[in-house]
Protein chains: 4
Amino acid sequence: MPSKNLIDEMIAQAKISKKQTDKQQKVVDAAIKIFAEKGFANTSTSEIAEEAGVAEATIFRHYGTKDNLLLSITLPFLKDLIPRMAEELFSELMSQSPATFEQFIRGLLKNRIEFIKENKEIFQVLVKEVMYREEFKQELKPLVSEILVQHFIKIIEEFKERGELIEKASPIILRMFVTFLFGYITSRFILLTDNFVTDEEAELDEVIDFIMNGLKK
Amino acid sequence: MPSKNLIDEMIAQAKISKKQTDKQQKVVDAAIKIFAEKGFANTSTSEIAEEAGVAEATIFRHYGTKDNLLLSITLPFLKDLIPRMAEELFSELMSQSPATFEQFIRGLLKNRIEFIKENKEIFQVLVKEVMYREEFKQELKPLVSEILVQHFIKIIEEFKERGELIEKASPIILRMFVTFLFGYITSRFILLTDNFVTDEEAELDEVIDFIMNGLKK
Amino acid sequence: MPSKNLIDEMIAQAKISKKQTDKQQKVVDAAIKIFAEKGFANTSTSEIAEEAGVAEATIFRHYGTKDNLLLSITLPFLKDLIPRMAEELFSELMSQSPATFEQFIRGLLKNRIEFIKENKEIFQVLVKEVMYREEFKQELKPLVSEILVQHFIKIIEEFKERGELIEKASPIILRMFVTFLFGYITSRFILLTDNFVTDEEAELDEVIDFIMNGLKK
Amino acid sequence: MPSKNLIDEMIAQAKISKKQTDKQQKVVDAAIKIFAEKGFANTSTSEIAEEAGVAEATIFRHYGTKDNLLLSITLPFLKDLIPRMAEELFSELMSQSPATFEQFIRGLLKNRIEFIKENKEIFQVLVKEVMYREEFKQELKPLVSEILVQHFIKIIEEFKERGELIEKASPIILRMFVTFLFGYITSRFILLTDNFVTDEEAELDEVIDFIMNGLKK
DNA sequence: AATGAATGAGACTTCATTCAT
DNA sequence: CATGAATGAAGTCTCATTCAT
């Protein structure tokens, strides 16, 4: 299962298209780190420059504006890498033809949690900025509706046919599922910075059990 | 079930203790509105002053610093009103001795969703700033652990004894429940500003069904 | 020898002319204290109000402007009390018909040092502000030239006639004398706040000896 | 006898250590000029910027705070240049092995008065701020006690041995001498801005005569 | 490509002063 | 007389951005 670090991918991609320089890379690293920690608006370009060991002017030489630096960091993520990886992920997950919906979720979660762990910082930047920037929401919408919804609905339908899932409208099933996932991920990776989960496998069991069976005896 | 608007409560309380002036109230109103919309860091005091129809100096006369304005808006909320209302809520919910856990959740959700709807803006300010301010996290911790956890565990235990809930460690049950609720509320009131829920009762049924029975057939 | 505290005099005088109120007095006291300590420009009216236990507006009710408060404190001092006391002093000193110039200086110094000690704060305010305010210099000039010079020259001439003083132009004698006195007083009461002089009489002996005989063997 | 202008020295020194820019120099010049005239607290940074022909932000780029600008102007003076020049001065004065104490004083005064004349403004800034800033007093103390006292006591002792000075405790001799000098310099260069001394040599004669012989016939 | 210097715009904040009560 | 509230003007300082080298 490919869970390459997104920043590595970005570097790779950038190297092809734009010949990212050494200093440029340092700027991006520094920016992600500080944006994740303190948020975009609370971070000054001079701070980024210092953390990167670079002159402030260098940032503007490459990115023009501070806003554009943020977009240069986040947009490829949203527009390019996430969709591509989503495609890969789903085709991979389904090509293994998981026997049960539970197995499918387990594969999905394992993969995604690993992925988020590795890209925790850029992920934090994204989540935080989505709250303030209408543009990000707009960018996110098609991503969610086209990739996520599209694929998931198909999968849900398949498992419904197999008789594994309740007989409800697929969008409702999807929404409950996604809502829980969203709550799980944000509370774990955005709100609670300290890693409180020790046994990842046991945790996964509990999560899956809740999603599948709820809380009733 | 009392779901008084918090800002009204704040005004009431302030009138007793500190004789809030007319202009002061306008400042608070304007600040909440703009902070909620654009976030604390992206809002200038001159903007608040203009929106409030007040001189910028007036803000500082009453609140000293911009930071203190934020705290004056949010801290009473966290320290005072939320705990008090939580107490009221739980005692009320349990005094009605709900027949089933489902009934209990339904009462809780109805009450809280109404409450959040009415205080949407200040709620948004809180959630957004919790992400950036360690102080807020610190303020929130006892609130969550002492009020929420304490009460919930008791209730969960009671319904476990009645045989309505699965035989799992109560903290795990609580965590799954809260995680979903958190995801539900943030996605509904922070992320998606547009009200997409039309039939609140039907929505509630789906949510409860998911929490109780999960997705398995 | 009358060495009444100047502020007492001011109060007395004010009570006659302007019916100084209780609060007004508190303002003046506070202002003198803080001006002496931190200087006029570094003191805010709110600070004075707080120290005086009075509303800021009260200051302006009585003094109109901050500048005027300073002048109300200092000008009577310069225009009224100092001249009057100088007159008294000189007539008193000479009426005792001191046998020698040394005795005269001793009387003068004893009297003045006591006076300054008692009015240290207002004295500090004056000295500090003379540096920044041309108006004060202008106010001081006639005081110095008319009162001080006038009297002193007469006295110097008298003692020259008695053969006690060197045969130099009186203005030169005066200038040397005053220069030393000025240096002595400022260094003792403005620059070095901590009272380092323990034996006032012995100190006086040294000072007089220097003025009279210099440093040569 | 080297009586180089201190500001020139500062520039020279700065050029070696910190590459002072053209604009930076203009800021310093303007600041010294206005601080000397109106005092630190009565001078705004915008005023300095205008006088220097520089954007206000430029001041802060180089000096961070207004306070730091003052310190950057004055501290090198106190910590560095004055001590060094004092050393030079004393070694020079004594290497010429002045025949008499009078000759020594004459050399000293000539040198110092020239020095102060050339650095009148920065000198005024220093004297004015010493009154308000405890830090400055603290900075000045070792300067005075280690350089001035140390050297002077030695010299006084030497001339006492030669039988030229009265048989008094050297610290007392020193204090009288310094007190007069302090009075002389402050009254001449701080209080009375208009140059009233026309014949510098004749003036010097009078001063020395007073110090040596006092006022007695 | 990289940077040190410079800056306009605007941020937060202070302050002396006015006014209605 | 006294004051709490309010404010215009100005102050210090920050920041994203430009430019010459």
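Quick note on labels: first sequence line is chain A, next is B, and so on, each numbered from 1.
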* Any residue of residues 34-54 of chain A with a heavy atom less than 4.0 Å from an atom of DNA chain F -> A/Thr43, A/Ser44, A/Thr45
Cut-off 3.5 Å, no hydrogens considered: what does the side-chain donor-acceptor table look like for residues 58-65 of chain B, sequence neighbours left out?
| residue | atom | partner | partner atom | Å |
| --- | --- | --- | --- | --- |
| B/Thr58 | OG1 | B/Ala55 | O | 3.3 |
| B/His62 | ND1 | B/Gln24 | NE2 | 3.1 |
| B/Thr65 | OG1 | B/Asn68 | N | 2.9 |

* A/Thr45-A/Glu56 side chain donor-acceptor pair, cut-off 3.5 Å -> yes
* To do: Using both pair distances under 3.5 Å as the test, note the stems of at least 3 consecutive Watson-Crick or G-U pairs that include DNA chain E.
  => E:2-21 with F:2-21
* **Nucleotide nearest B/Ala57 when distance is taken to its side chain, options E/dA16, F/dA5, E/dC15** => E/dC15
* Salt-bridge present (D/Lys38, D/Glu47; N to O < 4.0 Å) -> yes
* Determine, for A/Phe123 and A/Lys128, whether the Lys NZ or Arg CZ falls below 6.0 Å from the six-membered ring centre while staying within 45 degrees of the axis. => no
* Are C/Lys137 and C/Tyr132 in a cation-pi setup, meaning NZ or CZ lies under 6.0 angstrom from the ring centre and within 45 degrees of the ring axis? -> no
* By a strict heavy-atom criterion of less than 4.0 Å, which residues belonging to residues 58-71 of chain D are in contact with DNA chain E? -> D/Thr58, D/Arg61, D/His62
* By nearest nucleotide on DNA chain E, pick out whichever of D/Lys23 and C/Glu56 is the more 5' one. => D/Lys23
* Structure fact -> Residues passing the salt bridge (charged side-chain N to carboxylate O under 4.0 Å, His left out) test with D/Lys23, sequence neighbours excluded, are none
* Asked: salt bridge (charged side-chain N to carboxylate O under 4.0 Å, His left out) with B/Lys33: which residues, sequence neighbours excluded?
  -> B/Glu51
* Asked: Can you check whether C/Thr74's main-chain N or O pairs, donor with acceptor, with C/Lys79's side chain at less than 3.5 Å?
  -> no
* Shortest non-hydrogen contact from D/Ile32 to D/Val125? -> O-CG2, 3.8 Å
* If you take all heavy atoms of A/Ile48 and A/Ala30, which pair is closest and at what distance? -> O-CB, 3.7 Å
